[in-house]
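Numbering of ligands and ligand atoms starts at 1, following listing order.
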Amino acid sequence: MLRLAVLGHPIAHSLSPAMHRYALGSLGLKGSYEAWETPLEALKDRLEEVRQGYRGVNLTIPLKEAALLFLDWVSPKAQAIGAVNTVLSVEGRLFGFNTDAPGFLEALKAGGIPLEGPALVLGAGGAGRAVAWALKEVGLEVWVWNRTPARAEALAEAFGLKAVSLERAREARLLVNATQVGLGDPGASPLPPELFPEAGAAVDLVYRPLWTRFLREAQARGLKVQTGLPMLAWQGALAFRIWTGLLPDPRGMEEAARQALEGE
Ligand SMILES: NC(=O)c1ccc[n+]([C@@H]2O[C@H](COP(=O)([O-])OP(=O)(O)OC[C@H]3O[C@@H](n4cnc5c(N)ncnc54)[C@H](OP(=O)(O)O)[C@@H]3O)[C@@H](O)[C@H]2O)c1
């Protein structure tokens with residue numbers, strides 16, 4: 001029996017249990033996927049329990065960065081990004097991975113979002129780091145903007161990117177909202193409408209609500225858009241593959257997440 005879970009705080013509204021229960025069921029596997037409330041100070045003890053009795057866990061806010069300290073091995077990608085969102089437990093050893101970055105790229109590909117730069121990443125938190133790293137990896141020119149400029153500058157320096165002012169959005173061909181702006185607030189957007197470019201694409205990592213103001217305004221401007229759900233589904237599917245060797249259908253996982261979201 002596969003024991004899986006997502007750890008984070010707060011975790012009650014996580015869509016991961018719905019997605020991963022779909023994944024288990026669709027592959028005919030016996031297992032469980034729990035949502036386990038884990039504040040930062042409880043992480044070390046929780047990971048000890050994972051070591052004993054779990055195949056693996058996902059990590060979310062606020063644990064992704066801190067987890068690096070407690071694992072036996074961290075993949076070079078997760079190390080470069082500075083964040084772990086997937087832990088595999090084998091014979092009492094814990095292995096850390098980052099599936100946010102490849103999940104983001106797979107979601108773009110699956111959604112037909114062109115990988116054309118310059119790309120402007122709004123936000124230099126954990127998600128912004130993963131997305132900026134992924135876009136740089138595939139060879140795009142990547143710009144980063146953050147409300148607190150020092151954080152954008154630190155990220156730009158670490159990854160060899162350019163920290164820019166918000167106005168440069170007009171010249172970008174791919175915009176990614178990796179800030180929390182819009183989360184739980186359909187009226188909030190990180191980008192004033194007049195700063196959208198004339199062509200290109202926009203992706204919002206926020207998926208609550210699914211259709212954020214940022215995406216609605218991007219679409220009104222004629223840009224190709226993608227919600228945060230495809231990335232969520234892909235990072236989950238890639239995590240599931242790390243635990244089992246099997247890739248569940250990301251579209252099925254996305255649909256399970258959408259239904260859970262609609263049921264809220
Ligand atoms: N779709 C997915 O699969 C997926 C995956 C990961 C994350 N996400 C979403 O991505 C978002 C960011 O997550 P995270 O892990 O990066 O969080 P985080 O590490 O806490 O970073 C938060 C970011 O939001 C910015 N921010 C917060 N309030 C702001 C405001 N009022 N105006 C402008 N910027 C503001 C912060 O800027 P400062 O540095 O100035 O504070 C920082 O860049 C969340 O909504 C999360 O749910 C989605």
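- Looking at N85, I61, V203, N146 and measuring to atom 36 (C) of ligand 1, the nearest heavy atom belongs to N146.
- Atoms of ligand 1 lying under 4.0 Å from at least one heavy atom of A178, given by number and element, are 12 (C).
- Looking only at distances, a side-chain donor or acceptor of N98 sits under 3.5 Å from a matching main-chain atom of A83.
- Residue contacts with ligand 1, taken as heavy atom pairs separated by less than 4.0 Å, involve A127 via backbone and side-chain atoms alike.
- A124 counts as a contact of ligand 1, since one of its heavy atoms falls under 4.0 Å from the ligand.
- Ranking protein heavy atoms by distance to atom 5 (C) of ligand 1, first place goes to M231 CE, 3.8 Å.
- A cation-pi geometry, defined here as NZ or CZ lying under 6.0 Å from the six-membered ring centre and within 45° of its normal, does not hold between R21 and Y33.
- Judged by distance alone, the side chain of Q235 and the main-chain N or O of L232 form a donor-acceptor pair under 3.5 Å.
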Please report the C-alpha distance between N177 and D204 in whole Å, then the side-chain angles of each, then the deciding distance to 0.1 Å, and finally whether the side chain to side chain donor-acceptor pair (under 3.5 Å) criterion is met.
-> CA-CA 5 Å; N177 176 28; D204 204 333; 2.9 Å; yes
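- Distances from atom 46 (C) of ligand 1 to the protein include no heavy-atom value under 4.0 Å.
- Residues L2 and K30 are not in side-chain contact: their nearest non-hydrogen atoms beyond the backbone lie 4.5 Å or more apart.
- In this structure, R168 satisfies the cation-pi test against W143, with its NZ or CZ atom closer than 6.0 Å to the six-membered ring centre and inside 45 degrees of the ring normal.
- Close contacts of ligand 1 with V206, meaning ligand atoms under 4.0 Å from a residue heavy atom, involve 45 (O).
- When the options L122, T179, T148, L205 are ranked by their closest heavy atom to atom 11 (C) of ligand 1, first place goes to T179.
- Side-chain rings of W243 and H20 approach one another, their centers coming within less than 6.0 Å.
- Nearest to atom 41 (O) of ligand 1 by heavy atom, out of R208, R147, E65, is R147.
- Under 4.0 Å from ligand 1, not a single heavy atom of F104 appears.
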Assess whether side chain to side chain donor-acceptor pair (under 3.5 Å) is satisfied between E34 and Y54, documenting all intermediate values.
-> CA-CA 11 Å; E34 304 151 41; Y54 283 74; 3.2 Å; yes
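- Remark: among candidates Q180, K64, Q235, Q226, the nearest residue to atom 44 (C) of ligand 1 is Q180, based on non-hydrogen atoms.
- Protein heavy atoms are found less than 4.0 angstrom from atom 20 (O) of ligand 1.
- Every atom of ligand 1 is numbered from 1 in the order shown, and the set under 4.0 Å from a heavy atom of G125 is 16 (O), 19 (O), 21 (O), 43 (O).
- Under a cutoff of 6.0 Å and an axis angle of 45°, R93 and W73 do not form a cation-pi pair.
- Close N/O approach between G123 and ligand 1 is not found [any backbone or side-chain N/O within under 3.5 Å].
- Going from atom CD1 of I113 over to atom CD of Q226 covers 5.0 Å, rounded to the nearest 0.5 Å.
- Ligand 1 places these atoms under 4.0 Å from at least one heavy atom of L232: 3 (O).
- For R151, a nitrogen or oxygen atom sits less than 3.5 Å from a nitrogen or oxygen atom of ligand 1, counting backbone and side chain alike.
- No side-chain heavy atom of K64 sits under 4.5 Å from any side-chain heavy atom of V84.
- Residue V181 touches ligand 1 through its side chain alone, judged by heavy-atom distances below 4.0 Å.
- In terms of polar-atom proximity, G228 is counted as a contact of ligand 1, with an N or O under 3.5 Å from an N or O of the ligand.
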